[in-house]
Number of protein chains: 2
Amino acid sequence: MTVSRVLRNRGDVSEATRERVLEAARKLGYVPNKIAGALASQRVNLVAVIIPSLSNMVFPEVMTGISDTLEDTGLQPVVGVTNYSPEREESVLYEMLSWRPSGVIIAGLEHTEAAQAMLAQAGIPIVEIMDIDGTPVDSAVGISHRRAGRQMAEAIIAAGYRNIAFLGTMMPYDHRARKRLEGFEEALAKAGLALVDREFYSGGSALLKGREMTEAVLTRSPQVDFLYYSNDMIGAGGLLYCLANNIDVPGRIGLAGFNGVELLDGLPRKLATMDACRLEIGRRAAEIIAGKRQNGVIGGEVIELFPTLQPGDTIRKPVL
Amino acid sequence: MTVSRVLRNRGDVSEATRERVLEAARKLGYVPNKIAGALASQRVNLVAVIIPSLSNMVFPEVMTGISDTLEDTGLQPVVGVTNYSPEREESVLYEMLSWRPSGVIIAGLEHTEAAQAMLAQAGIPIVEIMDIDGTPVDSAVGISHRRAGRQMAEAIIAAGYRNIAFLGTMMPYDHRARKRLEGFEEALAKAGLALVDREFYSGGSALLKGREMTEAVLTRSPQVDFLYYSNDMIGAGGLLYCLANNIDVPGRIGLAGFNGVELLDGLPRKLATMDACRLEIGRRAAEIIAGKRQNGVIGGEVIELFPTLQPGDTIRKPVL
DNA sequence: ATACGATATGTTAGCGGTAACAGCAGTAAT
DNA sequence: ATTACTGCTGTTACCGCTAACATATCGTAT
């Protein structure tokens, strides 16, 4: 018992005994068994983080925000990856919940019915991140992708472009990309426009795909004067393609992506984009988990963040 | 007890009872408590994976290899990130070991003394990945970065370049980048050459840093005819800089990076690089953990993988 | 009818810690 | 001297599950 007290810094132990215990622990290479500890105390310092992928730049940055904020709370993030598969999400969630974490941070608002039920039943703070276009189980931190799509469309139209094409992922479960496209088309419609062309891809090097898709669209639909990409990586590929082929950007063709990835800073020309507040999302989500744990508040809150449009060098200045 | 048997698919249970149990579990939203289960059975289906960073492209791909292989073994990877800090590595390791995982996959061979001791004492399979230039605690899967550096130097020299500069990270704890540089300089020395210039960076957008550093070096040392980058990202930045400034690549200046990241495929010209066998490393490491668990073998094995040099378009053809 | 093996279910004792409380010495206040 | 309190250490009963063993049930060969 005294050992337990020393190792957890809880309760009074005389300095002499504390020393003896620590010395012995060090000598024996003793590592306390958190499994037993957690079972006895009904407390687990783990936070489940469930995200679709690690291979694009977006989630690692969210992770950074989460880790930074959790750093000095004693909480530890544990990552599960779903590869954009709802079934896999469900099973990862089940697996993680069975370790009784202190909270769950999960990407998106769309989950299987079973997953929804598990989240609702879990009795711990749940934060759904990235997206707020929908109804969260508990709390949510994110941006409105629909609005983001609309905003970009409005900026593009204001700049005088009229023949607009969309290039993006095919993934049926990338709900956020879908919502951006919906918002985008909605704003086009309001201006009496419609997409002139669209092109989808899946898998492979995004940068390369961006080049290929851009070539395909420009060949097929020469009248196109703007390319809206569902993410910055393929947008960057498109930009490199245009530069390599001496296409006047943003005069003849305008370009825009989404995410505000750091990578763009290194490109010869800055791609228009909207930053997705990734770091901030991670931070705020972690704060909710850490905070709730303290004061036991259960009411869900929705935090909407507002991405800023970065016009870069690939959109003409608006015609007034 | 019967419930336990049903939920773990272990032992004989009549079909009727099994159905009843599953139905009840579903209706109640019952999620078994793995903490208690693990304590009782002394078995934990978790594999600790400890890596320095998620934000460059290399570790996510290793993770993919690990996840894929572990997928159908019932084992689950749990990721911890150290940010290249030995102290943080030590504490992350301690934290993870206290959950009694079935194995540890940890990047690099360099750890604090305490971390080394913990790994040695843990009594579970340990796989140190990425690097094999050193003495592993147990098993290791990786490449020789020293050899990789040497190989690249030899190829560069064979191609006729003589005034070679190095551009890389400043991070004192990126041992693998350091070893590559050591091997590189060693091979230069053997050919009677030495680095003409060197430039280091830390933090920020690697692509942008690549541009800036390249400009700095070329301005400061105009005689330089080859730039060896410690990673592909800054190499790509350098390449874009050269192309933008109409520098003849690979005639006037040759370029090479390291890692073989997918990103390069999308660039207007292919950067010379060496792929680091990331996917394969993840796979083999996971196999060792999964396999050992089965047959209880404890002997450590060292698996050296051999990266292939991809000359791309940024090294002149060797002069024979 | 009896014995037997196979299948199905129940019982008991932990796993390694921690919460809660009990005990005990020493010191200060009454 | 008695009481009250503080600081330190020890005791006990779990936490929720599973290994190991015990028991019950049933069809079937003897």
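Everything numeric in this text was worked out from a predicted model, so none of it was measured. Each chain gets a letter, A, B and so on, in the order its sequence line appears, and its residues count up from 1.
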Find the distance between NZ (A/Lys179) and CZ (A/Arg146) and round it off to the nearest 0.5 Å.
-> 6.0 Å
Do any side-chain nitrogens or oxygens of A/Thr17 fall under 4.0 Å of OP1 or OP2 in D/dC8?
-> no
Quick one: does B/Met96's side chain get under 4.5 Å of B/Val78's, heavy atoms only?
-> yes
Output yes when at least one side-chain N/O atom of B/Ser41 is less than 4.0 Å from OP1 or OP2 of D/dC17, else no.
-> no
Hey, which sits more toward the 5' end of DNA chain D by its nearest nucleotide, A/Ser14 or B/Ala40?
-> A/Ser14
Would you say a side-chain N or O of A/Tyr30 is under 4.0 Å from OP1 or OP2 of C/dG16?
-> no
Would you please confirm or rule out a distance under 4.0 Å between OP1 or OP2 of C/dG17 and any side-chain N or O of A/Arg8?
-> no
Value in whole Å for how far the P atom of C/dT9 lies from CD of B/Glu15 = 11 Å
Taking the side chain of A/Leu39 as its heavy atoms from C-beta onward, which of D/dC17, D/dC15, C/dA19 lies nearest to it?
-> D/dC15
Could you tell me whether the phosphate oxygens of D/dG10, OP1 or OP2, come under 4.0 Å of any side-chain nitrogen or oxygen in A/Thr2?
-> yes
OP1, OP2 of C/dG16 versus side-chain N and O of B/Gln42: anything below 4.0 Å?
-> yes
Short side-chain N/O contact from A/Arg100 to OP1 or OP2 of D/dC15, under 4.0 Å | no
Name the nucleic acid region contacted by A/Arg10, choosing base, sugar-phosphate or nothing; use a 4.0 angstrom heavy-atom cut-off, strictly under.
-> nothing
When we call it a touch if two heavy atoms are under 4.0 Å apart, what does A/Asp12 touch: a base, just sugar-phosphate, or nothing?
-> base
Assert: residue with more 5' nearest nucleotide on DNA chain C, out of A/Ala38 and B/Arg5, is B/Arg5
